[in-house]
Every structure is written in structure tokens, then in C-alpha cells.
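To start, the structure under review is shown below, and the notes come after it.
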Amino acid sequence: MIPGPPQILTCPFCGGEKQIMSLISGNTFGAELWSDNKQIAPMLPNISYIQKCPHCGKYYILSRQEPNFDRDGDSFETGELNFEETKEAYEQLSNEGFRTHGEEIEVRLMLFHALNDCYGRTLLGFDGCEDDWNLFVEQGKWLIEHAIADNVLKAEFYREIGEFDKASELLVGVVPDDDFIREFAEKIKERIKLKDSKVFIISGEK
């Protein structure tokens, strides 16, 4: 991983500035790829698509910023949001309205991943967390309908939101040519039989 000069961000609400890291290069050595299409790579830090202003607490989308760098600076801040901040950001940005379909996909997928980070990628599970489970299902259904074209990944998202019959139907007769995708589909089928909706690692498992 080779960091570049930090990027200077300007809050569109209050004008306050913050710096986040930029990357010249990175790699996926030691990376984990999860079944919800999230990659966790220690040598390729995730610079958050949504940034929070440290001055006014408002959220804004990184890709709307004009590139501006501090050539003499040094920052390793990625702007990663915690779980509650991600939910707040989704609510604020949804109420404001998205400029593009791509923005909405990125923000909803970020929330879906954050919900899995909190519940699916831990031993906690969604038991007793009905509001967050409903929010998870809402995001999953929207992504299936508006963002995912591949039937195997659609089936996985249906499985994760507990709609096992729909997940199973999508995989009937599906025999992917790619070995990796075929193994992924078989792992989904195994979990459907067990009525298991938890996200799982599909590569990079230690």
C-alpha cells in the first residue's frame, strides 16, 4: 500500500474542512470477500463513500467533491462511519434526494453492509432487533430489484433477508461456467437447506 497526499474535503453545509487519505496503490493481499459482496482488505483501505463533517456533523457524498490535495500533508483518516452514523447518513441523504441512481445504490449498499457488520458478521445476529432487521430487508429488496443483475448474487441477497424460497427458485438450473461462481452457488444452496440467513466468507478464509 502506498498512500498519496491527503485529500482536502470541504463540507457543503458549513464550509468546514477535513483531510482524508488518498492511495497511489494498494493490493488485496490477505483480503476477505464476503457473500454480500463486501471486501475487507487490510492493504487496500476503504475510503468511505459518505463522509461526516467534524464541524457541523452533517453527511455528504465523497464523489461530489472537487479533487484538492495537500501536497505537504500526511493523513491516514478514511472517514469510515460507525453503524449509527451510517444509519443517520442514510436517513439524511435519502431525505435530501440522490442526484443519480448510482449514488442511491452506493448508499443503500453501504447501509446493507453496515447492518451485516453489526449483526451478520458477528455472533450477535438480528434476534431482538426488529427495526434493524426490517431496515436490512428493505435495503436487500431494493438492491435486488434495482442494482443486481446476476441471479446467483440475487439469490444470496434473498437468502440473507430470509426469503429462502425465492433464493432457491433463482438457483434452479443455474450452472455457472466459472468455478468460483459455481462453488458460491453451491454454498448458498447448502445454507438455504439449513434456513441459515447469515452472511459468510467466500474467499480469503483463514
Side-chain angles (χ1 to χ4, degrees), residues 31-41 46 48-50 59 61 80-98 100-176 178 180-205:
E32 295 175 349
L33 179 62
W34 288 75
S35 59
D36 62 352
N37 209 33
K38 177 169 183 175
Q39 178 178 268
I40 301 173
N46 177 48
S48 181
Y49 185 76
I50 303 170
Y59 299 93
I61 292 174
E80 183 177 6
L81 306 183
N82 64 33
F83 176 55
E84 293 300 330
E85 287 173 335
T86 305
K87 291 200 294 183
E88 289 175 357
Y90 169 72
E91 183 175 357
Q92 178 202 306
L93 293 168
S94 296
N95 289 336
E96 291 171 1
F98 299 102
T100 67
H101 183 59
E103 282 187 356
E104 186 167 6
I105 290 172
E106 291 289 344
V107 172
R108 286 181 179 269
L109 184 59
M110 186 172 169
L111 178 58
F112 190 80
H113 286 164
L115 285 155
N116 256 336
D117 290 343
C118 185
Y119 300 106
R121 271 178 272 275
T122 69
L123 296 176
L124 183 61
F126 279 97
D127 290 346
C129 304
E130 185 176 354
D131 288 345
D132 284 341
W133 170 253
N134 290 336
L135 186 61
F136 183 70
V137 171
E138 176 190 333
Q139 304 316 308
K141 286 183 175 179
W142 190 94
L143 291 163
I144 289 165
E145 293 172 7
H146 300 281
I148 303 172
D150 177 73
N151 276 352
V152 174
L153 191 57
K154 277 187 178 182
E156 171 57 15
F157 274 52
Y158 270 127
R159 184 193 68 83
E160 290 184 28
I161 64 175
E163 297 199 12
F164 300 109
D165 289 343
K166 288 185 179 179
S168 185
E169 287 170 10
L170 280 171
L171 295 176
V172 172
V174 172
V175 185
D178 183 86
F180 179 81
I181 302 299
R182 186 165 57 252
E183 290 174 9
F184 180 31
E186 289 303 317
K187 289 177 180 178
I188 296 170
K189 290 176 183 177
E190 291 170 7
R191 285 164 173 79
I192 289 172
K193 290 178 182 177
L194 298 172
K195 303 298 183 187
D196 177 4
S197 63
K198 288 199 72 174
V199 66
F200 61 93
I201 295 175
I202 55 177
S203 70
E205 197 164 5

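Positions are given from 1, in the same order as the sequence printed here. Atom set for the values below is all heavy atoms of this structure, side chains included, hydrogens, waters and symmetry mates excluded.
Residues F164 and R191 fail the side-chain proximity criterion, which asks for heavy atoms closer than 4.5 Å. Using a 4.5 Å cut-off on side-chain heavy atoms (C-beta onward), L81 and Y59 make contact.
In this structure, K198 has no salt bridge (charged side-chain N to carboxylate O under 4.0 Å, His left out) partners at least two apart in sequence or on a different chain. For E96, the side chain to side chain contact (heavy atoms under 4.5 Å, CB included) partners at least two apart in sequence or on another chain are F13, Q92, L93. The side chain to side chain contact (heavy atoms under 4.5 Å, CB included) test applied to D150 returns V152, L153, not counting sequence neighbours. Under the rule for a side chain to side chain contact (heavy atoms under 4.5 Å, CB included), the partners of E130 that lie at least two apart in sequence or sit in another chain are N134. By the side chain to side chain contact (heavy atoms under 4.5 Å, CB included) test, D178 is found to be paired with F180, I181, residues two or more places apart in sequence or in another chain being considered. Under the side-chain hydrogen bond (donor to acceptor under 3.5 Å, both in side chains) criterion, E80 pairs with no residue at all, not counting sequence neighbours. Residues satisfying the salt bridge (charged side-chain N to carboxylate O under 4.0 Å, His left out) test with K154, not counting sequence neighbours, are none. Listed by chain and number, the residues in a salt bridge (charged side-chain N to carboxylate O under 4.0 Å, His left out) with E88 amount to none (sequence neighbours excluded). Looking at residues two or more places apart in sequence or on another chain, you find a ring-ring contact (aromatic ring centres under 6.0 Å, His included) between F126 and Y119, W133, F136. Listed by chain and number, the residues in a salt bridge (charged side-chain N to carboxylate O under 4.0 Å, His left out) with E91 amount to none (sequence neighbours excluded).
Pairs of residues two or more places apart, or lying in two chains, that qualify as side-chain hydrogen bond (donor to acceptor under 3.5 Å, both in side chains) and include a residue from residues 108-118 are D36-N116, K38-D117, Y90-R108, E104-R108, R108-Q139, N116-E160, D117-R121.
Atom CG in N37 sits 10.5 Å away from atom CG in L143 (nearest 0.5 Å). Rounding to the nearest 0.5 Å gives a distance of 5.0 Å between CG of L135 and CG of L111. Between atom CD1 of residue I201 and atom CG of residue L33 there is a gap of 9.5 Å, rounded to the nearest 0.5 Å. For the atom pair CZ of F157 and CH2 of W142, the computed distance is 11.5 Å after rounding to the nearest 0.5 Å. For the atom pair E138 CD and I161 CD1, the distance stands at 11.0 Å (nearest 0.5 Å). Taken to the nearest 0.5 Å, the NZ atom of K189 stands 14.0 Å off from the CZ atom of R159.
Scanning all heavy atoms of the two residues, the minimum distance from I202 to S35 falls at CG2-CB, 4.1 Å.
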> Run the side-chain contact (heavy atoms from CB on, under 4.5 Å) check on D132 and F83 step by step: do they pass?
Replying inline: CA-CA 11 Å; D132 284 341; F83 176 55; 3.6 Å; yes
Could you pull out all donor-acceptor pairs under 3.5 Å where a side-chain atom in residues 166-175 meets a protein atom, sequence neighbours excluded?
residue: K166; atom: NZ; partner: E163; partner atom: OE1; Å: 3.3

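In this structure, K187 does not pair ionically with E190, as no charged nitrogen and carboxylate oxygen lie closer than 4.0 Å.
K193 NZ: 12 or fewer foreign heavy atoms inside a 6.0 Å radius.
Put simply, the side chain of H101 gets close to the backbone of H146: a donor and an acceptor are under 3.5 Å apart.
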